[in-house]
Structures are given as C-alpha cells and as structure tokens.
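Keep in mind it's a predicted model, so treat the numbers as computed, not measured. Order of the sequence lines fixes the chain letters, A, B, ..., with proteins taken first and strands second; residue numbering starts at 1 for each chain.
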Amino acid sequence: MFQDDTIAAIATGLTDSGIGIIRISGPEAVLIGDHLFRNASGKSCLKDSESHKMRYGFVVDGDGVVLDEVMAVVMRGPKSFTGEDTVEIQCHGGVLVMRKILDASLKYGARLAQPGEFTKRAFLNGKIDLSKAEAVMDVIRSGNEYALVSSVNQLRGNLSKAVKKLRKEILSEIAFIEAALDDPEHISLDGYAERLYKKTEDLLARVKKLLDSADNGRFMKEGISTVILGKPNVGKSSLLNLLLGEERAIVTDIAGTTRDILEEHINLHGISLNIVDTAGIRDTENIVEKIGVDRARQYAERADLIVYVADRSVPLDENDREILSLAKNKNVVVLLNKSDLQNVVTEEEMNEMIKGIFPDRVIPVIRTSVKEETGIEKFEAVVREMFFGGELTHNNEIVITNLRHKEALQSCYDSLILVKESIENRMEEDFYSIDLTNAYQELGKIIGEEVDDDVVEEIFSRFCIGK
Amino acid sequence: MSEIREKADVCVIGAGHAGCEAALACARLGLETVIFTVSVDSIALMPCNPNIGGSSKGHLVREVDALGGEMGKNIDKTFIQSKMLNVSKGPAVHSLRAQADKADYSREMRKVLENQDHLVIKQAEVCELLWEDDSNLKKKKVTGVKTFTGAVYVCKAVILCTGTYLRARCLCGESITYTGPNGLQAANHLTDSLEKMGIELRRFKTGTPARMDGRSIDYSKMEEQLGDERVVPFSFSTDPESVQKDQVSCWLTYTNEKTHEIIRANLDRSPIYAGIIEGTGPRYCPSIEDKVVKFAEKERHQVFIEPEGLHTNEMYVGGMSSSLPEDVQLAMYRTVPGLENCKIVKNAYAIEYDCINARQLYPTLEFKNVSGLFSGGQFNGSSGYEEAAAQGLVAGINAAMSVLGREPFLFDRSESYIGVLIDDLVTKDNREPYRMMTSRAEYRLLLRQDNADLRLRKKGYEIGLITETQYQELLKKEEMIKNEITRLKETYVGANREIQDFLISRGSTPLKTAASLAELICRPELSYESLSEIDAERVILPENVTEQVQIEIKYEGYIARQLRQVEQYKKMEKKLIPVDIDYDKVSSLRLEARQKLKLFQPVSIGQASRISGVSPADISVLLVYLEHYNRSLIREDSSERL
C-alpha cells in the first residue's frame with residue numbers, strides 16, 4: 001500500500017519460459033540489485049552502473065552462492081516503467097531460479113509487490129497516460145481478486161488451522177497484558193515474563209516448522225533441483241534416460257539460449273525432480289574432463305539435491321573424492337551403480353570415503369543397476385524421506401506454496417524473536433505486546449482476517465474489567 | 001408575546017466536562033460564548049465515579065492540559081487522593097488517577113467559568129437549533145438556538161455537549177424515572193430538532209452504583225488503599241509542591257458466592273435481563289449483574305469503596321453498578337464484608353440517553369451535513385469524564401477556528417490519545433459507549449503522559465490557548481533535554497578501575513572497551529540517576545528534564561521503530577480526499593467498500609484505510625482514482641487559462 005518502499009516481483013509470470021525477468025522498483029532498488037549482482041570478475045557494480053546499460057554477470061544469494069548467470073540493467077528514475085529507480089534481472093526462465101532470485105531480493109529488504117503494484121506506481125508517477133486510469137484500476141482489482149482466491153484455495157485444511165491457532169494464542173497473550181495495563185488493580189502481571197518466555201519459544205518453534213514446510217511446499221510445486229555427478233562412464237546418462245523413460249513425464253524441455261544448460265523435469269511418483277545437466281551429458285561420458293570441476297561446482301552450488309554416481313566395478317580414486325566433495329552442505333544420495341557387474345567397491349569402502357570427506361554426515365548409499373533397472377525404487381524412497389520426511393501425501397501436508405505466506409511467516413518469526421529479546425533484556429511487560437501485536441498482524445495477512453478491534457474484543461470477552 | 005433575542009459567537013449546550021472545556025476554549029480565544037445548562041449547580045458534575053484519570057484516561061487529561069484545557073488544573077485543586085498507576089511497567093503506560101472531592105471539583109470549575117471573560121452562563125434548556133440552507137456548500141448551516149422559554153440566541157457556531165441528558169430515563173428495577181443523572185431534569189425536546197436537521201440518533205446506556213452512608217460501613221473488614229507518598233500533579237502548570245497534602249484512603253473488599261446467589265435469583269427483575277432497557281451498554285463498565293452472568297466461574301469480584309468528598313459521608317461503591325430493584329440492591333450489598341449494616345443514600349441505577357454515531361462528524365468534530373454545528377462528549381457515543389473533556393476541547397477549538405475563519409486543528413493518532421479517540425469515534429463502527437484504552441493507541445511508546453507537553457504545547461500555542469511564557473518554558477525544556485542526551489552520548493568512560501568497581505557494585509558487567517554514558521544507561525540494571533557517581537561533568541537538571549533524558553535513551557530502539565511507523569502513517573494521512581468525490585464513479589471499488597466510503601466520507605486515504613470493509617486493494621484503486629482526478633483538474637485549469 002505504501003508508495004515509498006521497494007517492491008519486487010517476477011515480471012514475466014510464474015511459468016517456465018526461456019527467459020525470466022525479476023523487477024525491483026523503489027528507492028532501495030539499486031542498492032538491493034547491487035547486493036544481488038556480481039559482474040564477470042565477481043564484483044558488485046550496479047550501484048555505479050550507467051542507467052539503461054545491460055550488464056553481464058551472476059546473481060548470488062546471501063551466502064555468496066551463485067544462483068544464475070544473468071543480464072542485469074539499472075534504470076534510474078524517472079526514466080523507467082514505474083518512474084522510480086528500477087533494476088531488472090534477466091535470468092533463465094526456470095520457475096525455481098526466478099523464485100530463488102526473488103527470494104534473495106526480499107531478504108535484502110524488498111517487499112513482495114501486490115498485484116498490479118508496478119502499474120499503479122507507473123500511473124501515480126505520471127508514466128501512464130491519464131486515459132488509462134480505468135484500466136489501471138481494473139488491473140489492481142482483478143489481480144487482487146485472483147490473488148485472494150488462489151490464496152484462500154491454498155489455505156484449506158492444516159495450514160489455515162495452524163495459523164489460526166497460533167493467532168488465537170498470540171492474541172490471548174496480548175489481551176492478557178493489555179487487560180492488566182488497563183486495569184492494574186484487578187489483573188497482576190507478576191511472574192508473567194517467565195511464562196511468556198516459554199510460550200514464545202513454543203510459538204517460535206511452531207512458526208519455524210511452518211516456515212520449513214514453506215520450502216517443502218516449494219519442492220512439491222516447483223521440483224527439487226537435482227544434479228547428477230560422477231566420473232566419466234559411470235552410468236550417469238543411462239540413469240537419466242532410465243528416469244526419463246520410466247515415467248515418460250517430461251513436463252518441459254527447455255534448452256537455454258545463452259548456454260548449454262538443460263533441465264529435465266521428471267515426476268517420480270509425486271516427487272518432481274528438475275535434473276540440471278549439461279547439454280552434452282547425453283553425448284559424452286567425459287563430463288569432468290570436458291567442462292571441468294569448476295563448471296561442475298557451479299551446478300552443484302545451485303542444486304537442492306546431488307546424486308553421486310559411482311561405478312562399483314572399478315576402484316574408487318582421488319577423482320571420486322574430489323567430485324563428491326562438491327556436495328558440501330547439500331542433500332546427497334550416492335548410487336553404487338553397475339551392481340550387476342563384478343563388485344570391486346563395497347559399500348563399506350564407499351562409506352569410508354564419505355566419512356573421510358564428511359565426517360559428521362550420514363549419506364545414503366544405494367546399490368543400483370541402471371542396466372537391470374534395480375535400486376530405483378529405493379532411490380525414490382530415499383529422496384522422499386530426505387525432502388518430505390517420508391510423509392508425502394499431496395493434500396494433507398501443511399504446505400505453503402505461496403511466497404506471500406512465507407514472507408508473512410518470516411516477519412511473524414522476527415517479531416517473536418524481538419519479544420524474546422525484550423524479555424531477556426528485562427524490558428517492562430507493555431513492550432512485549434508491541435511485538436506480539438506485529439506477529440499477530442503478520443499471521444493475519446496469511447488468512448486475510450481483519451485485525452481491527454480484536455484485542456479489545458478479546459479483553460472484554462475474557463476479562464472482567466472496569467469499575 | 002415579545003421574546004428575548006441575543007447575539008453570540010458560539011453557543012455551547014451543556015456544562016459537563018465537554019461543555020466546560022468547549023466554552024472555555026472559545027471564550028479564551030476571544031469569542032462571545034454562552035454556555036447553557038439545565039442547572040448551574042450541575043456544572044462539571046461527576047455523576048458516576050469520584051475520580052479523574054486512570055489508565056490511558058490520565059493521558060487524556062495531560063493532553064488536555066498541554067493544549068490549554070482546564071481539567072488537569074481543576075483536579076489538582078480538588079483531589080483528595082492521588083496515585084500513579086502501572087509504575088512497575090514501562091513509562092508509556094504510567095497513568096495518573098486522582099480521587100476528587102466531587103462538590104469541590106464542580107464548585108471550582110464553576111468559579112473558573114464565572115470568572116472567564118467573554119463567557120456567559122445561562123440556566124435554560126435548549127429545545128431547538130436554528131438553521132438555514134447554505135447554498136454554497138449544498139448543506140445546512142446553523143444560525144442559533146432557541147430555549148424552552150422561547151429565547152433566541154443567534155450565533156455562528158453551536159457545540160452540542162448534552163452528555164446523558166437527551167431524553168434520558170433512569171432505571172432502578174421496575175421503577176423508571178424520566179430524569180437525567182442524579183435526578184436532574186432531562187432534556188426532552190432537542191432530539192426532535194436534531195432529527196429534523198437530518199442527524200441520526202441512537203440510544204446508549206450506562207450505569208452507576210449505589211452511594212452508602214460512610215458511618216454504616218465497617219472498614220476493619222476491608223483492605224486500605226493509600227495514595228502515593230509523593231503526588232505528581234496532572235497539570236504541567238501546577239507547582240508540584242502545592243499538591244503535597246494529606247490524602248484520604250479508599251477501601252477494597254469483595255463480593256462472594258452469597259452476593260452472586262441473590263443476583264442470580266433476581267435477574268428477572270433486572271431491566272436489562274427483562275429486556276426493558278433498549279440502549280447498548282459499555283462492556284468495560286459492566287453492572288454487577290453482567291459480571292455474575294458473564295463471568296460465572298469467578299468466585300468473587302473486587303469492590304472499591306471510595307469517598308465522594310471531604311464534606312460528605314457518602315461513599316461510592318466501585319465495581320457494583322446495578323439496575324436491580326431497591327430491595328435486591330440492599331440485600332446484595334449487605335452480603336459484602338464490611339457492608340453488612342450499610343445504609344444506602346442513593347440507589348444504583350442505569351441511565352439511557354440519546355446520542356449519535358460519530359461517523360456523522362469530521363475529525364474536527366463538526367457535523368458533515370451541518371456547517372457550524374459541532375459536538376463533543378458522551379453525546380458522540382463515548383463514555384468517561386476525560387474522554388468528554390478531550391472532545392469538548394477539540395470541538396471548542398475548531399468551532400472557534402471556523403468562526404475566526406482560521407484553518408481547523410486536526411489531532412492524529414501518532415501525536416496524541418486525543419487523536420486516537422477522535423479517529424476511532426469518527427472512523428469505526430462503535431456499538432457501545434467508547435472508552436479510551438491503552439491498547440487502542442498503536443504508537444503509545446511515543447504518546448506518554450510524561451511528554452504530553454512536548455507533544456502538544458506547541459499546538460496549544462499556535463491555537464492561542466498557551467501563553468508566550470508557557471511556550472518559552474517548553475522550548476527551554478526541549479533544549480535542555482536535547483543537550484543532555486547529546487552530552488551523554490558523547491561522554492565516554494574508559495575501562496578503568498573506578499568505572500569497573502562502580503559497575504561491579506551495581507551488578508553490571510565490567511567494560512571491555514570505553515563506552516558512552518548513554519550506552520551504560522541502556523543497561524537494565526543502570527539508570528541516569530545511578531550513573532551520577534561516575535558522571536563528573538553532570539549539572540543538576542530539573543526532574544522533568546532528566547526523566548525525558550532517561551526514557552529517550554533507555555527506550556531509543558523501540559521509540560525509533562515507532563517513529564518509522566509513524567512516518568508511513570503520516571504519508572497516508574496527508575493524502576486528502578476531496579469533499580465532492582463521487583464514489584459511484586470509481587467503478588473498480590468493491591461494492592462493500594463503496595458503500596462504507598459513502599457512509600463515512602473519510603477525509604484522507606489514511607482514514608479510509610481504517611474503515612472496516614475497505615481493503616488495501618480498494619485503497620490502491622482509490623489512490624489511482626485520486627491521481628486521475630487531480631491531474632484532470634490540472635488539465636482543466638490549464639485549458640481554462642488558454
């Protein structure tokens with residue numbers, strides 16, 4: 001609603017396409033863009049970039065992980081669509097990549113744009129002709145109606161219940177504090193801080209869980225970004241072909257226009273995998289030699305899941321160790337392929353190597369034979385367990401697919417952290433209810449309930465106060 | 001028959017807490033003002049509780065005072081016990097409450113009115129408003145008032161402060177009397193006149209407990225409630241030393257199961273439960289019947305016995321208002337420890353009265369459909385002396401501004417509880433008498449009772465109710481606060497022996513590197529006061545300055561956050577909606593939003609956004625429409641010039 005903050009959205013629509021555009025507009029746009037973008041030599045440069053000049057480079061997230069190779073352009077106001085400082089990032093059009101870039105821009109302080117908000121700003125800043133006012137209002141109206149319907153539709157069942165329950169409990173705490181402030185002679189707050197501290201920890205854990213399931217929801221909707229790694233000739237492409245062939249459920253097949261990336265979408269009994277690969281993977285076995293470890297590292301950094309394929313008919317060597325170590329901080333499944341041939345490598349040996357690289361991790365090792373099509377079911381089960389806690393049922397899981405929900409949950413979480421800090425800093429009780437109220441309002445955005453006089457209603461219904 | 005025909009600038013109808021502030025404000029701004037009351041003996045009457053202030057209400061009194069109102073000064077003269085509530089909580093919710101000597105309070109206020117230049121007191125019932133059609137503004141314009149005896153007062157503005165007197169009726173069980181509070185004459189004629197002008201009225205109710213003969217109460221069975229040792233005055237103009245005096249006690253006792261049994265057994269004789277009362281009552285001030293029914297699980301309720309004054313034996317029974325019949329009342333009161341042999345001086349009763357839905361008013365408290373007509377107080381659907389005084393003051397100020405041809409003064413949510421009160425009244429759909437509560441003020445960290453002068457004195461000065469001397473004092477205080485904060489932020493202490501010993505002795509962690517004094521004040525176990533030992537350059541400053549210094553440093557982070565929110569809020573408030581907007585032309589608005597906007601006619605986008613039923617998307621649509629509207633105007637302008 002405010003006009004002077006910075007908003008961001010995917011400007012090209014949430015479907016897979018050749019190219020996707022993330023648009024950031026507002027006073028902080030250039031600054032946020034500067035955080036996101038690195039030029040070919042790895043430097044931030046947008047802040048000083050000439051207006052309307054295309055720059056080639058990469059988008060990195062907060063941890064410095066490269067999200068995509070992109071073109072970025074700064075358009076300083078008033079010479080932009082909205083009339084404000086704007087940054088547009090052209091990336092590869094995968095839904096997952098676009099969402100990740102958008103997510104990162106929100107982390108740097110942008111707010112997710114309301115439907116029609118860029119157009120609204122363009123109009124308010126005099127960039128759209130007066131005669132279009134009617135059309136602009138319709139865009140806002142219909143966009144919001146659509147958003148509301150889809151939001152409500154996603155709210156069936158558990159999430160809605162969980163959010164309502166959280167809200168009710170938070171409101172109850174606010175009402176208690178406020179009632180005591182309004183009627184100190186009837187209601188005492190002695191010992192309340194300790195109680196609220198425990199309560200806040202409980203609330204935090206529950207909001208955290210919902211937030212985690214927000215990622216879970218993303219995986220369901222958009223697929224798990226997967227990279228298959230391994231030495232040449234271990235059966236990577238056969239595995240891919242097998243997975244493709246088994247379901248024949250290729251959703252899209254987009255070859256990028258600027259480089260040879262190929263994404264295959266595979267649905268494995270409800271688990272959607274986006275297998276990121278090089279174009280050459282089907283033609284040549286010599287991937288490591290061909291594109292080098294650096295290239296492989298780039299893909300690995302972007303992935304949610306790494307499938308490491310080893311040929312168990314030949315001994316493990318330093319290359320195995322090197323490639324597998326790319327999987328640091330990632331979900332990994334190791335396939336001991338060619339189990340139909342002579343077993344040179346035992347599972348123990350493999351586990352020992354893994355232990356050498358990741359001493360604290362348990363990484364599943366599965367025996368497969370792509371040729372004889374064995375072990376694939378086990379692979380599916382392991383992935384399901386890894387990403388969905390084994391309980392993948394489509395409709396009953398608390399799943400948040402909407403980024404807006406995630407944004408609200410995150411703000412709620414942040415506010416609850418502030419409550420906790422206020423208690424730790426021994427602030428007076430009236431300070432707790434300020435941040436509790438923020439948390440309450442954020443959750444209200446998810447279920448679209450008005451917050452108006454809730455606190456006053458709650459006070460009167462629960463506390464007998466007054467003269 | 002010849003009739004009296006007088007002239008005035010402003011007529012104020014009613015001399016309760018709203019009427020007094022309204023009339024004083026107008027007269028002090030130099031306007032010839034007449035204040036009407038059905039009885040001059042009931043000027044500034046306190047017909048219910050014998051105290052002023054309390055949580056969030058104390059803030060209102062302070063704000064009224066900062067703007068040049070009278071309530072704070074009057075209670076400082078007439079209090080008999082005083083207490084700062086919530087002192088163990090944050091500074092934002094500290095709130096003053098004082099027990100008043102009711103007769104004294106009324107008498108002192110009457111004296112102030114009687115000695116005010118340009119102000120005339122008139123005992124008469126106003127029965128009719130005079131008005132004409134204002135063709136320029138396409139609405140009505142008030143031109144005067146007419147009393148029951150036929151006297152006409154021609155004037156430029158009228159302020160309605162009728163409180164609970166309009167078509168009032170009092171209920172005590174089966175017996176109904178058609179009087180105002182405390183047996184005073186009701187005003188039965190004005191309603192018709194208001195309705196003819198197109199003003200919609202509705203009915204609210206409230207109630208008051210019995211008054212006891214103090215000699216019949218056994219205080220030994222009750223807990224004594226003392227006032228504060230050091231009394232803080234309400235008014236910024238009162239010398240703190242002048243309010244240090246002997247105080248009286250209040251007493252605490254409790255209802256019990258026996259009390260509740262009697263009430264339950266006689267509910268059918270309660271006018272509310274028997275359906276005789278039609279008005280809507282306030283939930284925060286429930287009758288004892290309501291408490292027993294709605295909170296059936298509670299074994300007891302608190303009862304506060306409070307003196308009505310120094311020169312009377314009457315005691316107010318706080319917490320037990322009722323409309324049960326006389327015999328039930330006596331039986332029920334006598335179950336309470338200490339009241340076993342009580343004698344009732346005045347019965348408890350409920351009172352019903354006509355009032356308005358305040359959405360018919362602009363935030364200036366002027367009627368949207370009648371220019372020159374203002375209203376304040378309980379008539380606007382509020383409750384409480386303090387709420388009334390605050391509105392009376394604002395209505396008075398803006399009536400004066402309209403007569404003087406000056407710009408109106410608006411009070412917004414980010415600068416005062418008064419702003420919150422008025423915005424809530426004119427923007428929300430209130431279904432019961434509105435009471436101020438601290439939870440209603442979203443920026444309450446900024447709206448403290450201790451800084452009401454810093455927030456509002458300047459405005460009072462601009463209005464003309466604060467003198468040059470008072471204003472200069474304020475500027476001096478601001479300066480001292482600013483300088484001291486700067487000094488504390490720039491004065492560093494090193495991690496030397498003396499400092500470390502001091503910190504350890506206060507249970508505070510020793511320093512690793514140098515720290516500013518301000519940083520130390522932020523530690524929960526330290527304060528401005530306690531740092532005097534290690535603050536060699538400190539000069540002695542007035543207490544009201546060091547208090548602000550301490551608060552602003554200690555709560556800086558929180559205050560900064562609220563200030564940022566206020567910035568956003570102000571932007572929306574500044575986007576004004578033209579009076580002649582035609583919402584039917586904004587086709588993209590949802591039906592519900594359009595209806596609500598037409599009904600409330602908000603003055604700004606900010607106000608529109610707080611109307612229930614208006615969504616953020618509607619606000620976006622409205623913003624686009626306004627831009628379109630404004631740009632069209634500019635285009636028309638320039639084409640006219642061509």
- Message: Given heavy-atom pairs under 4.5 angstrom as the criterion, report whether the side chain, backbone, both or neither of B:Q565 touches chain A.
- Response: side chain
- Message: For B:E306, which atoms come within 4.5 Å of any heavy atom of chain A: side chain, backbone, both, or neither?
- Response: neither
- Query: Where does B:S88 contact chain A at under 4.5 Å (heavy atoms): side chain, backbone, both or neither?
  - Reply: backbone
- Item | Residue B:V303 versus chain A: region with a heavy atom under 4.5 Å | neither
- Contact part of B:L445 toward chain A, heavy-atom cut-off under 4.5 Å: side chain, backbone, both or neither? side chain
- Select one option (side chain, backbone, both, neither) describing which atoms of B:F304 are under 4.5 Å from chain A's heavy atoms. side chain
- What part of B:E442 lies closer than 4.5 angstrom to a heavy atom of chain A: side chain, backbone, both or neither? neither
- Item | Pair B:Q449-B:H59, side-chain donor/acceptor within less than 3.5 Å | no
- Message: On a heavy-atom basis, which atom in B:M320 and which in B:P209 lie closest, and how many Å separate them?
- Response: O-CB, 3.4 Å
- Task: Flag the one option from B:V586, B:L622, B:V621 with the top tally of heavy-atom pairs under 4.5 Å to chain A.
- Result: B:V621
- May I ask you to check whether B:H301 and B:H260 place their ring centres under 6.0 Å from each other? yes
- Item | Part of A:I177 within contact of chain B (heavy atom distance under 4.5 Å) | neither
- Task: Give, as side chain, backbone, both or neither, the part of B:S56 having an atom under 4.5 angstrom from any heavy atom of chain A.
- Result: side chain
- Lys/Arg N to Asp/Glu carboxylate O, A:E117 vs A:R23, below 4.0 Å: no
- Residue part contacting chain A, namely of B:R444, when any heavy atom lies under 4.5 Å: side chain
- Are the charged groups of A:D5 and A:R111 less than 4.0 angstrom apart, N to O? yes
- Message: Please classify the contact of B:D618 with chain A as side chain, backbone, both or neither, using a heavy-atom distance under 4.5 Å.
- Response: both
- Item | Interface moiety of A:N425 toward chain B, non-hydrogen atoms closer than 4.5 Å | backbone
